[in-house]
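We number each residue from 1, following the sequence as shown.
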Amino acid sequence: MLKHRGFPSRLPSSDHQFTIRRANHKKGATKLIARERYRDRSPGDLRADAGFLAALIAHFGDEPFMRGNLDAGRLSWLLGREVVAVGKLDPVSYEQLLQVDMAAAEASFPELFETGGADDFGFDDEDGDDPGDEWQ
């Protein structure tokens with residue numbers, strides 16, 4: 001499983017994780033499923049979606065990227081809209097290529113594309129790498 005070095009591990013000051021520490025060798029990767037976002041979702045969940053998308057855009061831009069250690073639950077909230085599969089989707093593969101659809105991202109989260117909009121999440125406060133990763 002590819003670990004995305006420098007990618008934030010979670011939304012600062014919250015319990016919303018963005019990455020996983022290690023692959024599940026017994027059961028395999030958690031299945032990606034496109035989840036419906038309803039209007040009654042909590043403000044914290046909406047902020048986590050926006051923060052995760054902002055991190056994806058800052059880290060990968062509109063280039064294809066491997067799923068790797070990105071959290072399946074967080075990806076599933078964006079899958080099929082702001083994040084699309086490159087080629088045929090294999091929902092249980094850590095090697096699946098994904099890509100941010102910038103037009104859909106801007107339509108759904110216009111605040112991220114305003115001047116300084118992506119800077120509101122405080123990702124600079126942490127490096128995103130787990131200090132224990134080197135020996136695992």
From [atom1] ([X]) to [atom2] ([Y]), nearest 0.5 Å:
| X | Y | atom1 | atom2 | answer |
| --- | --- | --- | --- | --- |
| Gln96 | Arg67 | CD | CZ | 8.5 Å |
| Met66 | Ser93 | CE | OG | 8.0 Å |
| Asn69 | Lys3 | CG | NZ | 6.5 Å |

Are the side chains of Glu63 and Val100 in contact, using a 4.5 Å heavy-atom criterion?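 When only atoms from C-beta onward are counted, Glu63 and Val100 do not touch, as no gap falls below 4.5 Å.
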
Can you find a heavy atom in the side chain of Met102 that is under 4.5 Å from one in the side chain of Ile57? yes

Between Gln99 and Asp62, is there a donor-acceptor pair closer than 3.5 Å when you use the side chain of the first and the backbone of the second? yes

Counterpart residues, side chain to side chain donor-acceptor pair (under 3.5 Å), relative to Gln17 (two or more places apart): Asp71

For Asp45, enumerate each residue passing the side chain to side chain donor-acceptor pair (under 3.5 Å) test, keeping only those at least two apart in sequence or located in another chain. Ser42

Apply ring-ring contact (aromatic ring centres under 6.0 Å, His included) to Phe65 and list each qualifying residue two or more places apart in sequence or on a separate chain. Phe60

List the atom of Phe7, the atom of Leu70, and the distance in Å for their closest heavy-atom pair.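 The answer is CE2-CD2, 3.6 Å.
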
Where is the tightest heavy-atom contact between Glu111 and Ala50, given as atom of each residue plus distance?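 Heavy atoms only, the tightest pair is OE2-CB, 4.1 Å.
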
Counting only pairs under 3.5 Å, give me each side-chain donor-acceptor contact of residues 74-91, with atom names and distances, residues two or more places apart or in other chains.
from	atom 1	to	atom 2	distance (Å)
Arg74	NH1	Asp49	OD1	2.8
Arg74	NH2	His16	ND1	3.2
Ser76	OG	Ile33	N	3.2
Ser76	OG	Ile33	O	3.1
Ser76	OG	Ala72	O	2.8
Arg81	NH1	Arg35	O	3.2
Arg81	NH2	Arg35	O	2.6
Arg81	NH2	Trp77	O	2.6
Glu82	OE1	Arg37	NH1	2.9
Glu82	OE2	Arg37	NH2	2.8
Glu82	OE2	Ser108	OG	2.6
Asp90	OD1	Val92	N	3.4

